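A quick write-up on the structure given underneath.
Letters go in sequence order (proteins before strands), and every chain restarts at 1. None of the values given here were measured: they were computed from a predicted structure.
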Amino acid sequence: MSLRTRLLLVFGGIVVITVALVSYAVSVGARKSFEKVDDQRTAAFARQFEREFNLQGQDVAQRASAIARSQALRSMALALSSPNGDPGPYVNLAESLASEQQLDYLEILSQDGTIISSAQWPARFGVRLPWVDEVPDWNAQPSFLEYADTPQGAELALVSVRTLNPGDRKFLIAAGRRIDSSFLQNLVVPKDTRLFLWQPSSTAGALEDAQGPVSMPAGLKPLLEESLQKRAETKRLVRLGDSSDDAFMAHAIPLTGRDSKRPLAILVVASSRGELRALQQQIGTIALVVALGGIVLSIIASGWSAGCISRPIEELSVAAQDVAAGNWERKVDAASSNNKDEVSQLVTSFNQMTDELLRQRDRALQAERVAAWRELARRLAHELKNPMFPLQITIENLMKARQQNSPEFDEIFAESTSTLLAELGNLKKIVSRFSDFSKMPLPQLQRVNVNQILEELAKLFSPQLASATKPIKLETKLTSSDATISADPELLRRALENLVLNAIDAMPHGGVLRMTTSAADGSVAVEISDTGAGMDAEEAGRIFTPYYTTKQHGTGLGLAIVQSVISDHGATISVSSRPGEGTTFRMEFSRQPTRQSTDTMVGKA
Amino acid sequence: MKRIFLLLVAALSLAPIARTASRPRFGGTLRVEVRGAISSFEITDDANASRALLRDLVLTHVCNRLITLNANGDPQPSLAISWRLERDARTWYFVIREGVNLQNGTVLTTQAVITALSAQNPDWHARASGNELVIQSESPVPNILYQLAAPHNSVCLSGNNGQWIGSGPFQIGDFQPGQQIELRAFDDAWQGRPFLDRIRIQMSRSFADQAADLQTERADLIEGDPMQTRPAAAGTLSFTEPVELFALAFTPNHPANADPSVREALARSLDRNSIHSVLLHKQGQPSTGLLPGWISGYDHLFKSTQDVAAARQLRNPLGSLLPLSLNYDANDDLARLVAERAALNARAAGITLQPRPESPSFRWFNADARLVRLRLESPDKGTALSKIGSILNAPKLQAAQSAATPEAMFAVESDALKDSSIIPIAHIPEAYIRAAGVHDWSMTSWGNIGLADLWIEAPK
């Protein structure tokens, strides 16, 4: 992965993580703020409910007191105070009094709690209510919640009890107003807030809102039951519908009766989470936009910083690759980086390194040249010494024969001169080969198709190979890709021909001669292989040494010339061989011309 | 002397007034208001007392019957001038009055009588034999005279628009279903033209509205609330004997009513005394029999004491019970109170009874029981019991037509009440209040009103 990509990932990751953390923190903060506001709103609403409850309770108490003071009730009380008082005629009295006072419930009770008249259930006369004895002074008791019995079942009511004491008897008036959706309608409900009243003990078990009975949302029931069980205010996030906008933070407030023990009803204040959700969505959208923007900035920043940091490093990297490829004169421009930072120091060091490499190479070349001349001189001395000795012996024999006026002098003279001429011919050959080797011309580079040259060689040698006593099979496997390289066609041809001749010489008993080309992106490879005797590693290492040969004939310069030609083309030649398995010569030519060849390249039409 | 002279002068001066007050006057429209309402002219069994009262009132004055009952309840000739029986009261012969004009201009025929009676009495075989009407029955009908005197055996024909056409003193004039019906005097009535020109009956009027109209002289004759011992409006209050029966009637073959223990437990739980003393204001009587004491004479033989413990004992082994629905007339406030009280009593016994109001425009189907308020249309035991049986679909009570003795009648009634399919609660009277200008008022103890002889003073 490149430095630029890594920098991009780092910068981008930092931006995204930062934005995500910030948006999460903001979202959490917003939610907490909403919850706080929601709690405050609910508390305010509960206070409003309590206020309305107290107002209604006072109103009911006043009406109950008015009924207790009414003439009709006093007349009844007086009539029933007599020993034979008949409550029958008053069975409907409560209904008319309740209608006058606009009360939903009214019961007139005797001292022991027996119903004399009931507005909501007239037929209930004679039934005794046991709770009348629980409070000693009902006139001091504020209004309270209670369930009123009706023919339709129990209904939640705000009840006030007052007493009437004509003489030594006591009568009670239990007046009440229904607590249902109409009560909820009197309350001012904030926007996006829903109000519910649940009466668990009512006959219908109804859940009501300000508009009337509603079906129980599945998400609300557990909250209600929890509040009922705990007898305390409980809140929970609930869903009141199927869509995502139906999420509400619901506060369940239990409403207790006179004994403050068992909740008689649960008031639910549910605040919509729609606004919070919208805000969170907005935060998320902004975060996304910021993150995307941050990523774009990261790309820019990474590009710029990569440019500032990685370009010099990239240049160094490319320069190092050049140097590794052999271009030791490659330099990096020190002006592209700051003068004082580590990168510029690295650039300076690199340039110094390449200078040193050049100096060492020159020294090595010089030493190599000296060594090569020494080796050449040694070789030459060795090669020349061989023919010199027979020359010397022959001339000494001739001188001796002349001095001795040998009768075979003519014969000796002819033989000696023949020997002298032969040896001189060898010397001339050696000198000629040496001269050829020393005067190897530089290649005149052209665009040359290697496949074409090999095809020509195959055509040239095929008749010879086929007609040999031990035939040699010729196989060519030439690449279908472009095998064009920059080369001197004549020199290349001679080098390849030399290799083919060596391969033929290596298979005196027949075999297979293969000529193969293959192409890669930047190079073309040529292989000449045989199935001859092969050679061991030591021989393979010396095979390119001038004058080294394993053949009976030859000067030992052929492969050295081949190596020289290949080297002059900027290519490489290698040999792989195993005894008994044959030998393969592999040459790799760069498609691009070499620096030297670039200077001498000749364009080909 | 002077004193005698002054007395004579005073007597002479008052004589015209007295003569004027006692002399019937022809003409005028009697304005009657009732609670009930009818929408058609059908003679049917009706479990609604107010509607039955109105229907009987119209039938009595538009159509005649073969027999009428006098104030003592004894059969009197009407369209039948004489009769005889044979075969232990299985065959009856009636001589039909001739020359009776019908309100459609025709004359009453025996065949018309046969048609009218056969429609109401499918078990009778009626035929004409000369000028006699022969009625035969497979079982004895000793009380046929009382049955023929009952309103449902009025001889009525059906007119072109379905209205009754009879031979009575009044004929049907303007009819607005459910609102008003006007009866016009029939000049050619065989009994003679009535004093009144018209009787205009306003329907569906509550007690309070009727009282207000009487008070403001917009009505001459109204129904009175029998629970009010003192009339709410100025006028003359007349009570009948207890002729209306409050009872719980269970729907036959209803799954909820399969176990008689439930019904008996309900019957034992009822506090009739409280209902009578409080809700009924001690009017009428609490009852456990179908007939009031003044008709049967044996009502005391039916026990009426509330026994909640016994009711619980009957109910507890039954385990959980579904609530029973109890329908009552939504327009009857008294019925509502009685139904609610019955539900309260039932709850004490562990039975849930759910009162449900029912009106012609909204009827509950498949009710477990109904609180009925029946009108007993005859002072005769057999006739009244058989009519109750017909209304409440209690076939056992039809045997009352053949019962000849009180013992037999008691057996029939006991048998019908044995399985508690019908639970009597109370008998209450009917009441009427007439304005001061209404004269010659007559009403039998069982609520039969005679308007043909009634006259009203001219408006001042």
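- Summarising the local packing, CD of A:Q229 is surrounded by 12 or fewer heavy atoms from other residues, nucleotides or ligands at distances under 6.0 Å.
- The minimum heavy-atom distance between B:L337 and A:P122, with the atom names listed, is CD2-CB, 3.0 Å.
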Only pairs under 3.5 Å, no angle test: what donor-acceptor pairs are there between chain A and chain B?
residue	atom	partner	partner atom	Å
A:D86	OD2	B:K282	NZ	3.4
A:A123	O	B:R341	NH1	2.5
A:F125	O	B:R341	NH1	2.2
A:F125	O	B:R341	NH2	3.0

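- For a residue to count as touching a neighbouring chain, one of its non-hydrogen atoms must lie under 4.5 Å from one of that chain's; by this rule A:P151 touches chain B with the side chain only.
- Closest approach of B:I275 to A:F125, counting heavy atoms only: N-CZ, 4.5 Å.
- Close approach to chain B, defined as a heavy atom under 4.5 Å from one of its heavy atoms, is seen in no residue of residues 136-146 of chain A.
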